[in-house]
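Here the structure comes first, spelled out in structure tokens, and everything after it is commentary.
Predicted, not measured: the structure shown is a model, and the values here were computed from it. Heavy atoms only: backbone and side chains are in, while hydrogens, waters and symmetry mates are out. Protein chains get the first letters and strands the later ones, always in sequence-line order, with residue 1 at the start of each.
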Amino acid sequence: MDYQFKQIEKDWQKFWATNETFKAEVDESKPKYYVLDMFPYPSGAGLHVGHPLGYIASDIFARYKRLKGFNVLHPMGYDSFGLPAEQYAIQTGQHPAKTTETNINRYREQLDNLGFSFDWSKEVRTSSPEYYKWTQWIFMQLFNSWYNKETDKAEHISTLIAKLETIPAKEINAVCDDDVLPLLPSDWSTMTAEEKQAELLKYRLTFLKESTVNWCAALGTVLANDEVKDGFSERGGHPVEQKKMMQWSMRITAYAERLLQGLNHIDWPEPLKEMQRNWIGKSVGAMVKFSLIPNPSPKEKGAQENLENLNDVAGRRGYETANSFAWDILKGNSKENRKQQTDAEIVLWNELRDSQTGFKIRRQHVIEGYIADFVCLPKKLVIEIDGGYHNTVETIEYDNQRTEFLNKAGFQVIRFTNEEAINNTNKVITTIKEKLQASPSYPEKAEPVSTSTTQVAPSPSEKAGDEASFIEVFTTRVDTLYGVSFLAIAPEHELVASLTTPAQKADIENYILATKKKSELDRMSDVKTVSGAFTGSYAINPLSGEKVPVWIADYVLAGYGTGAVMAVPSGDQRDYLFAQHFDLPIIQILDAQVCDKEADATKEGRYINSGIINGLSYKEATQKIVTALEEVGMGYAKVNFRMRDAIFGRQRYWGEPVPVYFKNGLPYLIKEEELPLLLPEVDKYLPTESGEPPLGRAKDWKYQDEYEYELSTMPGWAGSSWYWYRYMDAKNDAAFADKDKIAYWKDVDLYIGGNEHATGHLLYSRFWNKFLKDLGYVNEEEPFKKLINQGMIQGRSNFVYRLNYSVNNLKENLENPDEDLDKINYLTQELPLVFISYDLVDKITNDADYRMMTQNNINDNLLSLELKANGIEILLDNENLITKIHVDVNIVENDILNIEKFKASRPEFKDAIFIFEDGSNPLSFGEGRGEAKYVCGHEVEKMSKSKFNVVNPDDLVERYGADTLRMYEMFLGPLEQSKPWNTNGIEGVFKFLRKFWKLFHDDSFNFVVSDEAPTKAELKALHKIIKKVEEDIERFSFNTSVSSFMIAVNELTDLKCNKRAILQEMVILLSSYAPHIAEELWKQLGNEEGTLSYAQFPVFNPEHLVENEFAYPVSINGKTKMNLTLSLTLEPVDVEKEVLANEQVLKYLDGKTPKKVIVVKGRIINVVI
RNA sequence: GCUCAGAUGGUGGAACUGGUAGACACGCAGGACUUAAAAUCCUGUUCCCGUUAAGGGAGUGCGGGUUCGAUUCCCGCUCUGAGUACCA
């Protein structure tokens, strides 16, 4: 019989399932090997042709390792909690468990179709209670643990309590929240149980904390940072906003350093490791304090706090802000000022008080951060008396700004000098009276006290008295400290208000406003524009003592480091641009630095202009500066991480319930024996009316009928962060996996999956693994020793090109317009669509003659004589000539459209006509005459239903069989490389398998294998492929071994080889790639059924490849000219003699003597002339 | 912008430590078998010059370099893809 792949594949899939051929149990006599695929989320769409790529590769490897004598664990399961099932549940009311079950069954069917050697007895589903019981259990362990920096590992919370009982909390070296109390053992002992519980929460590895989260209202859930793209949810593209919520978090930051270091010891693709490094974002640097120079106007100290209210007074509504606090301070200041009045003020006050002018005048009155000497509110007139010091350029400038500001606020300002007020009091009073009378009246407004309290107000201690005396910055280049020419702080920085001098108030205010208006997106896309504003304040460089200005700039992020940077224009490009733009100094600090055009961040050379480090190198300088800073208490070395703690709660139904209940607002774990905490039933999968998560709908769902359970569920990554351990012992009821089994299987030797998990799953998994190791439950520091990212399979879309035309029905030419028009409409409606072959698209677009010819042709063929007689004409639409339409790739073969199927695919295509590729016959009807073909265009796009480019593996299995599909997917190219799917080459692989089958059978398909001894050539062909396949699999180069198989089979076919000694070995070699056909032939060869999977991989014998002759390529000056067959026993010297004696070579030499002859034995000969 | 990966015929790709570039396969062209089609088999297929042949020349994104010899190593550039986003 011919190669009957359908029957063969069905039979063997059944055999493997019934006999549990691939069941793996602990077997100390064999070395273990663990091959794992990143487990799938069973979506409703099923598998497309891209999904199995990694599974096929891992399956080949697993089967290969079995043949090599390893005990292979190769399991599969489902990450079955997740959003899509829940979305579907919300839409249809179906329980997500039900749809999940349906989807899993479909996945399983598709996977079974491909002949994978999974040990299905170990299948897991994260959504089954037997599984999530242990996810909850691990959560409880995390809750009961803290991170001890001294031992550098997680420990049970009891060791922390023991410490709190004996030593001050300050001496405990823990990773914890910022706000832990500085407790003494005596404090701890007097605390109530609840107070203790509240305090311990700040140390636990999973903890409740108010966090800013990415809230997606449309999805009704919180998203992780990596689920948000440009302010929109990755899934569904809904807007995401920042919202403060009480959230469960995981203290992954405790492991930042270990997660980083671990990367150096695992065999993962470099880009993936790089992504994790970036994500962790370690920067080694120093904290440096810059002292602030007190504000130039102590009189108005504190006034600036009220800055933001300016907008209200000026009639512009700014953002809401709070400043009752500032108001109080200012009032305090103004009272202070009244006690210290100048003589001039006293004189004037005597004339102005008690409405002597006819208007009520107030003195030392606060107007939006300024204290006016006198003011008449109903007339909005300010009277200022300038003291003796009001004569320098600066103070004049200052006064002008002050006037300008008050004008903006709607006030008129008149000024008198001290002298005028004292010596010419009457004249001054008259002027004031005149001014008052001339001014329009305004209703007197209430004192401007804002009531809003949303803005974070600095704490009182920061403001009054010791108001921030320094700015702290984080820097990774502390060696550049002498190159600092300004400080830049984030516009949101808490010191902005107090640093701003009155003169700069308007500038700063406008800048902050402008910054706020810019959306996140603008700020990201508009990186190049330099912007900022000067606060008017100065700070002091702690080592050089230089005075540097403090600016605000939006390139400084409030959320990173301290929200302030020391700007070194010579070494940092952003600082450089900023300095250039605002004309700030650029100080060169290294002799090797070139910074006349742009910043140069070099660490090379010796320091200049750098005080104590002049002449030193980078390393010495860094050390010296840190030491110097530490000595004066102005800085210290510090490591910063970008990674934040992971938020661990989702306001969702379809996830693991958190095993926690609340008593008096504090969280407590349920008892371990109460696990699993089952997901309760709810009537709807939506939030409650009060905005609580769906679990809030569960009826009578209370712990011990009394206490509220936690209502959020765990995020998608919870279940997948430890699943590889569950596979080791999937059914265990007493532990997440048995200790002995964990000790045997250890870790995953080969992990294959897509790189979309780079910073999510793979980081969290490593974190949980390290945690479980700290507690002694597992033994390996890293869970996935080797990891391969399979490339994405993209779609390859096909297109047809519709020619657009219109009908010109010369209505006015008709004899009987109404009647004829009906007829015409009827007839023209029948006109078919016209499609033009892809290779003619350019021609018809650019070639007017061809276009005209085509139009005539269409007219001739499509219009009846009657219509033509009536002046009806078809006109090509030159404006919009061609419409490109996606066509289902499944009715296109090698870019040639199957016209029959195309016509049947949609009613409007039924009568379509085609302009075929041959062009000689520009318009062809029907099925294509003779050789005519309709060629489709193509493009690489995402594989998706809407693009009609989805290829379903089931269809290909149906047509060619699983073995062919498996080999073809590998044949497509290197596993790691992304590539578009194209079914075009699959025939070649199918032919190969049939050819292989034929080696065992005669022309009438009778099984004919001979027991004769193989020839030398046959052995050579065999051992060549043994070597090649072994090498290829070991380096995961599956595509090249498929080619080699083809070469081997071609060779054996040419040799007409049907020797058992060769073919049986070939069967074993091929069995990991094409297991079904191999099993069938193995059986036909007379072997026991099912033993193939555990047969011995053929042993390579190099003797069979030894040659005694070699056809040396001979090059003249490096260009290959000819081949020369010589014995391999000849040494280079003799080879050279032979070469130079050769006639052909002499011809090339053309009488010249070669300068040099290079001979590489068994490789090449090169003659240099 | 930064980081990483990549660029080879009409197409997918091969060439592993520098040693015959284009293996293997698809497609295409021609042929055999067939009443015909499918299937199968055979031949050719990097480009250019040479009618055929013999033969010659160019050629692995571009420009240089190292070398007897470079797809492979080095320097500079262009383009494509991925990740990241003002991280101090």
Side-chain angles (χ1 to χ4, degrees), chain A residues 2 230 269-275 277-279 281-283 285 473-478 480 488 490 523-528 553-557 559-568 571-575 577-578 640-642 755-756 758-759 789 791-792 794 796 893-896 938 940 968 971-974 976-989 991-992 994-995 998 1003 1028 1031-1032 1035 1037 1039-1048 1050 1111-1123 1154-1160 1162-1169:
Chain A
D2 195 358
D230 299 339
E270 199 48 49
L272 181 53
K273 291 206 246 184
E274 198 59 31
M275 275 168 78
R277 285 192 194 107
N278 287 339
W279 193 262
K282 180 182 181 177
S283 26
V473 303
F474 175 74
T475 176
T476 53
R477 285 295 300 271
V478 74
T480 63
R523 249 173 107 163
M524 281 196 303
S525 55
D526 187 26
V527 173
K528 284 200 181 99
D554 66 2
Y555 77 86
V556 182
L557 303 178
Y560 185 77
T562 61
V565 302
M566 53 177 238
V568 185
D572 181 289
Q573 188 58 18
R574 286 159 314 172
D575 297 345
L577 291 173
F578 196 90
N640 235 16
F641 288 98
R642 187 164 65 129
N755 70 354
E756 65 271 24
T759 48
N789 278 137
M792 279 243 294
Q794 295 143 297
R796 186 180 187 275
E893 208 167 318
N894 285 322
D895 290 340
I896 308 295
H938 62 90
V940 174
Y968 182 60
F971 184 63
L972 224 46
E976 302 90 331
Q977 210 170 293
S978 285
K979 56 228 153 197
W981 177 266
N982 191 343
T983 313
N984 286 352
I986 200 167
E987 292 277 349
V989 174
K991 275 191 214 164
F992 154 76
R994 293 178 58 162
K995 222 169 162 180
K998 275 190 170 173
D1003 290 346
K1028 180 76 174 148
E1031 282 173 2
D1032 284 352
R1035 66 191 171 103
S1037 173
N1039 57 325
T1040 50
S1041 41
V1042 177
S1043 301
S1044 316
F1045 273 123
M1046 291 174 171
I1047 295 169
N1050 288 346
Y1112 280 98
V1114 180
S1115 329
I1116 309 293
N1117 287 337
K1119 285 272 167 194
T1120 310
K1121 295 291 179 186
M1122 53 177 282
N1123 280 339
K1155 277 191 201 143
K1156 207 172 174 186
V1157 178
I1158 287 128
V1159 178
V1160 182
R1163 280 235 118 115
I1164 198 174
I1165 298 163
N1166 190 12
V1167 182
V1168 187
I1169 304 174

Is there a side-chain contact between [X] and the phosphate of [N], meaning an N or O under 4.0 Å from OP1 or OP2?
X: K1156(A); N: rC68(B); result: yes
X: K273(A); N: rU3(B); result: no
X: R574(A); N: rC87(B); result: yes
X: N1050(A); N: rA25(B); result: yes

Exercise. Which nucleotide sits closest to the side chain of S283(A): rA82(B), rA25(B), rA88(B)?
Worked result: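 It is rA88(B).
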Problem set entry | Out of rA85(B), rC26(B), rA88(B), whichever nucleotide has its closest atom nearest the side chain of F474(A) | rA88(B)
Exercise. Of L972(A) and V989(A), whose closest RNA chain B nucleotide lies nearer the 5' terminus?
Worked result: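 This one resolves to L972(A).
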Exercise. For N984(A) and G561(A), take the nucleotide of RNA chain B holding the closest heavy atom to each; which residue's nucleotide lies nearer the 5' end?
Worked result: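 On the 5' side of the pair lies N984(A).
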Problem set entry | Other residues, nucleotides, ligands: >12 heavy atoms within 6.0 Å of M1122(A) CE |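 More than 12 within 6.0 Å, yes.
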Exercise. Is any side-chain heavy atom of V1042(A) closer than 4.5 Å to a side-chain heavy atom of Y968(A)?
Worked result: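 Contact flag for V1042(A)/Y968(A) side chains = no.
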For this session: Find out whether T480(A) and M566(A) are in side-chain contact, i.e. whether some heavy atom of one side chain is under 4.5 Å from a heavy atom of the other.
Result: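 Result yes, sub-4.5 Å side-chain heavy-atom pair found.
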Problem set entry | Carboxylate-amine/guanidinium proximity below 4.0 Å for E270(A) and R277(A) | yes
Which atom pairs link the protein and nucleotides 38-45 of chain B when you take only N or O atoms and keep those under 3.5 Å?
none

Exercise. Quick check: does any side chain N or O of S1115(A) sit under 3.5 Å from a backbone N or O of N1166(A), one acting as donor and the other as acceptor?
Worked result: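 Looks like no, no N/O pair under 3.5 Å.
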For this session: Give a yes or no on whether the backbone of G1162(A) and the side-chain of Y1112(A) come within a donor-acceptor separation of less than 3.5 Å.
Result: yes
Problem set entry | For rG61(B), glycosidic torsion class - syn if within 90° of 0, otherwise anti |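 Chi for rG61(B) falls in the anti range.
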Please list each protein N or O that sits under 3.5 Å from an N or O in nucleotides 14-22 of chain B, with the distance.
residue	atom	partner	partner atom	Å
rA14(B)	OP1	N1039(A)	ND2	2.9

For this session: Using a 4.0 Å heavy-atom cut-off across all strands, classify F971(A) as base, sugar-phosphate, or nothing.
Result: base
Exercise. For the residue pair Q977(A) and K979(A), what are the closest heavy atoms and their distance?
Worked result: O-NZ, 3.2 Å
